[in-house]
Amino acid sequence: MFDTLSDRLNGVFDRLRGRGALGEADVREAMREVRVALLEADVALPVARDFIARVTEKAVGQQVLKSVTPGQQVVKIVNDELVAMLGGEGADATGGEAVPLQLDVRPPAVIMMVGLQGSGKTTSTAKIAQLLRTKQGKKVMMASLDVNRPAAQEQLKVLGEQAQVATLPIIVGQQPVDIARRALESAKLQAVDVLMLDTAGRLHVDEALMAEMKAVASVSAPTEVLLVVDALTGQDAVNVAQSFSGEVPLTGVVLTRMDGDARGGAALSMRAVTGKPIKFAGTGEKLDAIEPFHPGRVAGRILG
Ligand code: GDP
């Protein structure tokens with residue numbers, strides 16, 4: 001992930017740093033190269049354009065160009081803008097830290113997991129459940145609302161056993177909204193802190209899926225609606241996020257397969273295009289292969 005982008009940017013910045021004095025033309029030339037590198041990493045065009053405009057505006061300022069280490073100053077500006085691009089600034093100004101889950105409500109806090117089939121939704125549900133149990137000492141319950149895909153409910157049950165997290169018993173034939181109601185009742189009775197609803201996926205975003213998501217959201221009143229998308233799908237992941245966010249009140253994104261050799265476009269464009277923070281990154285198939293998404297650290301890795 002980010003390897004090519006990282007190599008390219010470091011090439012540009014090594015050249016900038018190597019020069020004692022910098023003129024405006026040098027900065028503009030470097031930014032042209034950065035723009036190409038971003039586009040090659042599959043960053044959405046308007047996002048790349050905005051980024052370059054912001055960096056250029058700050059970098060051609062007299063204080064930067066007249067400073068003792070202008071190259072270094074420009075790299076610092078790029079770093080800060082990269083953190084912002086990855087979601088480290090804005091409405092939930094976190095200064096580069098991960099945006100935490102909002103679970104501070106009367107229990108059970110409901111986390112609704114949404115996404116297309118194959119994105120890694122069921123796996124991510126179990127990963128986050130395990131994380132909440134082991135790192136935050138939460139009593140968690142998971143329920144699968146996926147009545148479309150054969151064996152989806154069974155898959156969550158097996159993952160629950162591995163993660164040592166309870167799952168709602170399966171009643172064959174029960175429909176998603178009814179399962180959600182039953183899960184809530186059960187979670188209340190058992191004094192569960194966090195109820196995770198693994199909703200059904202589809203191959204594509206369609207009306208039936210959106211109607212189902214809205215119905216489930218209205219009976220379960222989730223405090224978190226996390227969209228799971230596959231980093232390897234690049235701009236498609238961002239488009240999927242845009243489609244979902246128009247329909248259901250997303251609170252964040254889980255970007256899976258960050259361990260694959262994705263170019264990075266989804267991670268870099270997600271915040272700007274959807275306004276939603278990436279809250280977690282999936283980094284493998286195992287249940288502990290998940291990390292809170294820290295914009296600061298990711299930017300550091302890119303410019304490392
Ligand atoms: P769902 O259809 O969206 O529920 O997808 P699943 O959770 O069943 O995941 C589909 C496949 O992707 C499974 O084989 C998972 O093990 C795999 N998977 C999920 N997340 C990741 C990840 O972060 N990295 C890798 N390498 N594989 C993942």
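In this chain, numbering begins with 1 at the start of the sequence shown. Atoms within each ligand, like the ligands themselves, are counted from 1 in listed order. Scope of the values below: all heavy atoms of this structure, side chains included, with no hydrogens, waters or symmetry mates.
Considering backbone and side-chain N/O of Met258, none are found under 3.5 Å from N/O of ligand 1. For ligand 1, the polar-atom distance check against Ser124 finds no nitrogen or oxygen pair separated by under 3.5 Å.
At the top of the distance list for atom 14 (O) of ligand 1, counting protein heavy atoms only, stands Glu285 OE1, 3.8 Å. Among all non-hydrogen protein atoms, the one lying nearest atom 8 (O) of ligand 1 is Gln155 NE2, 3.0 Å. The closest protein non-hydrogen atom to atom 5 (O) of ligand 1 is Gly120 N, 3.1 Å. Ranking the protein heavy atoms by distance from atom 10 (C) of ligand 1 puts Arg257 NH2, 3.8 Å first. For atom 6 (P) of ligand 1, the nearest non-hydrogen atom of the protein is Thr123 OG1, 3.4 Å. For atom 26 (N) of ligand 1, the closest non-hydrogen atom of the protein is Asp259 OD2, 2.7 Å. Among protein heavy atoms, atom 21 (C) of ligand 1 sits closest to Gly284 O, 3.5 Å.
In this structure, Leu116 has a heavy atom closer than 4.0 Å to ligand 1. The shortest heavy-atom distance from Ala289 to ligand 1 is not under 4.0 Å. Residue contacts with ligand 1 include Gly118, since one or more of its heavy atoms lies under 4.0 Å from the ligand.
The only option from Gln174, Arg181, Gln175 that meets the side chain to side chain donor-acceptor pair (under 3.5 Å) definition with Asp178 turns out to be Arg181. Screening Thr233, Leu232, Thr283 against Arg257 for a side chain to side chain contact (heavy atoms under 4.5 Å, CB included) leaves a single residue, Leu232. The side chain to side chain contact (heavy atoms under 4.5 Å, CB included) test with Leu5 is passed by exactly one of Val43, Leu303, Leu38: Leu38. The side chain to side chain contact (heavy atoms under 4.5 Å, CB included) test with Leu197 is passed by exactly one of Ile179, Leu145, Leu184: Leu145.
For the pair Gln190/Met141, a side-chain contact is recorded, criterion being any heavy-atom separation below 4.5 Å from C-beta on.
By the neighbour-count criterion of 12 heavy atoms within 6.0 Å, atom CG of Asp104 is sparsely surrounded, having that number or fewer from other residues, nucleotides or ligands. Heavy-atom contacts from other residues, nucleotides or ligands closer than 6.0 Å to CZ of Arg133 number more than 12.
Every atom of ligand 1 with a heavy atom of Gly282 under 4.0 Å away is listed here by number and element: 23 (O). In summary, the atoms of ligand 1 found under 4.0 Å from a heavy atom of Gln117, numbered by their order in the structure, are 2 (O). Annotation for ligand 1: atoms under 4.0 Å from non-hydrogen atoms of Arg149 are 2 (O), 4 (O). Close approach to Thr122 involves these atoms of ligand 1, each under 4.0 Å from a residue heavy atom: 1 (P), 4 (O), 7 (O). The atoms of ligand 1 that sit less than 4.0 Å from any heavy atom of Lys121 are 1 (P), 3 (O), 4 (O), 5 (O), 7 (O). Near Thr283, the atoms of ligand 1 lying under 4.0 angstrom from a non-hydrogen atom of the residue are 23 (O). Which parts of ligand 1 touch Lys127 is read off a 4.0 Å heavy-atom cut-off, strictly below it: atoms 20 (N), 22 (C), 23 (O). Counting atoms of ligand 1 from 1 in the listed order, those under 4.0 Å from a heavy atom of Ser119 are 3 (O).
By the 4.0 Å N-to-carboxylate-O rule, Arg263 lies close enough to Asp42 to be salt-bridged with it. Ion pairing between Lys214 and Glu207 fails under the 4.0 Å rule for side-chain N and carboxylate O. Checked for salt-bridge contact, Glu40 and Arg35 miss the test: no charged N lies under 4.0 Å from a carboxylate O. Ion pairing of Arg32 with Glu29 is present here, as a side-chain N (NZ or NE/NH1/NH2) and a carboxylate O approach within less than 4.0 Å. Using a 4.0 Å cut-off between a side-chain N of Lys or Arg and a carboxylate O of Asp or Glu, Asp288 and Lys127 do not qualify as a salt bridge.
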